[in-house]
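The structure appears right after this line, and notes come after that.
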Amino acid sequence: MSNHTVHAVSSAGAVPVPVPTAETVAALLTALQRREPLVQCLTNAVVTNFTANVLLALGASAAMADLPLEAGPFAGVASGVLVNLGTPHADHRDAMREAVAAAKAAGTPWVLDPVAIGLLPVRTALAAELLLQRPTIIRGNPSEIICLAGVGMGGRGVDSVDSPDDALAAGRLLAAEFGSIVAISGPVDIVTDGVTDVRVHTGTPLLTKVTGGGCALGAVIAAFSALSDDRLANTVAACSVYTIAAEQAAADAAGPGSFAVAFLDRLAGLSAETVLKLAVIR
């Protein structure tokens with residue numbers, strides 16, 4: 001469990017915002033393809049190649065600038081930063097702290113992905129430390145979100161033992177206390193700002209059969225985070241675009257191997273018109 005507990009914060013007076021529409025998602029995809037945001041990925045060794053390929057296919061640029069003394073300067077010029085705790089070696093941890101400090105100083109949006117926190121003490125302590133720096137967006141599976149909020153023990157390694165709805169209260173608490181948008185990944189993704197909850201109903205179980213299926217989403221969220229001041233809409237758009245492409249790829253695939261290839265192709269070919277037809281956001 002995390003070494004802190006998130007305290008309930010009253011939402012009295014908070015005003016729910018409109019749920020982003022398919023039109024909003026389509027417009028943000030068009031903006032991403034036009035602007036080609038540069039995403040700094042401090043991510044785990046298992047998923048580096050897949051994450052970079054996902055960003056390139058989508059139309060963003062990827063930079064794995066994760067060394068101390070380099071991570072900070074790069075975060076100041078990146079469009080968005082991903083901090084993924086999958087393989088947090090000592091130098092990597094120092095680079096993450098450096099990048100987060102520089103991102104905050106530069107106003108660069110950054111995403112915290114607290115991979116496999118809970119029983120593993122190094123990453124769990126680091127997640128709690130970085131949470132205090134108020135991530136722009138937090139993305140995790142339900143068990144990770146529950147653990148990060150200090151109200152549960154985490155999952156089975158990188159696998160969740162909870163559902164997105166199980167984690168919704170924890171996600172709202174994190175959003176309210178730290179001012180973050182929280183994206184809870186699962187069969188139906190839930191994105192919350194602590195008041196407004198949005199469900200993205202597209203996707204496929206095959207994403208769980210490819211290493212990096214969840215981690216690459218964190219990078220895509222970082223790419224979208226640079227596109228507008230509406231952080232909720234940016235995050236919903238990232239989840240929707242990602243899962244629409246995955247759903248299409250699943251229809252093309254015979255199994256996980258061909259799915260991974262088809263997924264990159266579908267991301268590369270995704271259009272605003274397709275998003276308008278297939279997005280299911282409530």
Side-chain angles (χ1 to χ4, degrees), residues 2-4 6 35-52 54-56 60-118 120-140 144-145 147-150 158 174-175 177-183 212 214-227 231 234-235 238:
S2 172
N3 60 8
H4 74 283
V6 173
R35 291 173 55 179
E36 300 180 355
L38 174 61
V39 181
Q40 180 183 10
C41 299
L42 296 93
T43 193
N44 73 76
V46 182
V47 305
T48 301
N49 185 68
F50 185 72
T51 299
V54 163
L55 287 172
L56 290 171
S61 294
M64 276 51 186
D66 60 359
L67 296 177
L69 304 182
E70 293 186 356
F74 203 95
V77 300
S79 306
V81 176
L82 168 66
V83 177
N84 175 300
L85 307 187
T87 51
H89 302 295
D91 281 354
H92 212 189
R93 298 196 299 274
D94 289 341
M96 289 173 179
R97 294 183 181 103
E98 184 182 302
V100 167
K104 290 185 65 180
T108 304
W110 66 283
V111 178
L112 175 63
D113 192 335
V115 176
I117 61 171
L120 301 174
V122 172
R123 72 191 63 218
T124 303
L126 181 60
E129 175 188 339
L130 294 177
L131 179 62
L132 296 178
Q133 301 305 310
R134 304 176 71 86
T136 311
I137 302 154
I138 300 165
R139 188 222 74 90
E144 291 161 351
I145 296 301
C147 182
L148 191 64
V158 298
L174 288 167
E177 181 154 335
F178 296 100
S180 307
I181 301 298
V182 179
C215 293
L217 174 56
V220 171
I221 291 172
F224 274 88
S225 70
L227 299 179
R231 297 178 301 150
N234 294 339
T235 308

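This one's a predicted model, so the numbers in the text were calculated from it and none came from an experiment.
Annotation: side chain of Ile137 is not in contact with side chain of Phe224 (no heavy-atom distance under 4.5 Å). Looking at Arg231 and Ser225, their side chains never come closer than 4.5 Å, going by heavy atoms from C-beta outward. Inter-residue side-chain proximity for Val220 and Val54 is flagged as met; some heavy-atom pair is nearer than 4.5 Å. Side-chain atoms of Val100 and Val83, non-hydrogen and from C-beta on, do get closer than 4.5 Å to each other. You'll find the side chain of Pro68 stays beyond 4.5 Å of the side chain of Arg97, heavy atoms only. With contacts defined as side-chain heavy-atom distances shorter than 4.5 Å, the pair Met96/Asp66 does not qualify. Contact annotation: the side chain of Cys41 approaches that of Leu55 to within less than 4.5 Å [non-hydrogen atoms, C-beta and beyond]. Ile138 has its side chain within reach of Ile145: a pair of non-hydrogen atoms, C-beta onward, lies under 4.5 Å apart.
Looking at every heavy atom in both residues, Ala226 comes nearest to Ser79 through CB-O, 3.3 Å. What you find for Arg139 and Pro114 is that their closest heavy atoms are O-CD, 3.2 Å. Minimum heavy-atom separation, Arg134 to Glu177: NH1-O, 3.3 Å. Residues Leu82 and Cys215 share a closest heavy-atom pair of CD2-O, 4.2 Å. Of all heavy-atom pairs between Pro88 and Arg123, the closest is CD-NH2, 3.7 Å. Scanning all heavy atoms of the two residues, the minimum distance from Thr43 to Thr87 falls at O-OG1, 4.5 Å.
Within the 3.5 Å criterion, the main-chain N or O of Ala175 finds no donor-acceptor partner in the side chain of Ser180. Within the 3.5 Å criterion, the main-chain N or O of Ala65 finds a donor-acceptor partner in the side chain of Gln40. In this structure, the side chain of Thr108 engages the main chain of Ala75 through a donor-acceptor pair within 3.5 Å. Between the side chain of Thr124 and the backbone N or O of Ile117 there is no donor-acceptor pair closer than 3.5 Å. A donor-acceptor pair under 3.5 Å is absent between the side-chain atoms of Glu36 and the main chain of Ala60, judged by distance alone.
Here the CD-CZ distance, from Glu129 to Arg93, works out to 9.5 Å after rounding to the nearest 0.5 Å. Taken to the nearest 0.5 Å, the CD atom of Gln133 stands 10.5 Å off from the CZ atom of Phe178. Between Asp113 atom CG and Leu148 atom CG the span is 10.5 Å, to the nearest 0.5 Å. Rounding to the nearest 0.5 angstrom, the gap separating the CG atom in Leu42 from the CE atom in Met64 is 9.5 Å. Remark: Leu131 CG to Leu174 CG distance equals 6.0 Å, nearest 0.5 Å. Interatomic distance, CG of Asn234 versus CG of Leu227, reported as 6.0 Å (0.5 Å rounding).
For the side-chain contact (heavy atoms from CB on, under 4.5 Å) criterion with Leu85, the lone passing option out of Val122, Leu120, Leu130 is Leu130.
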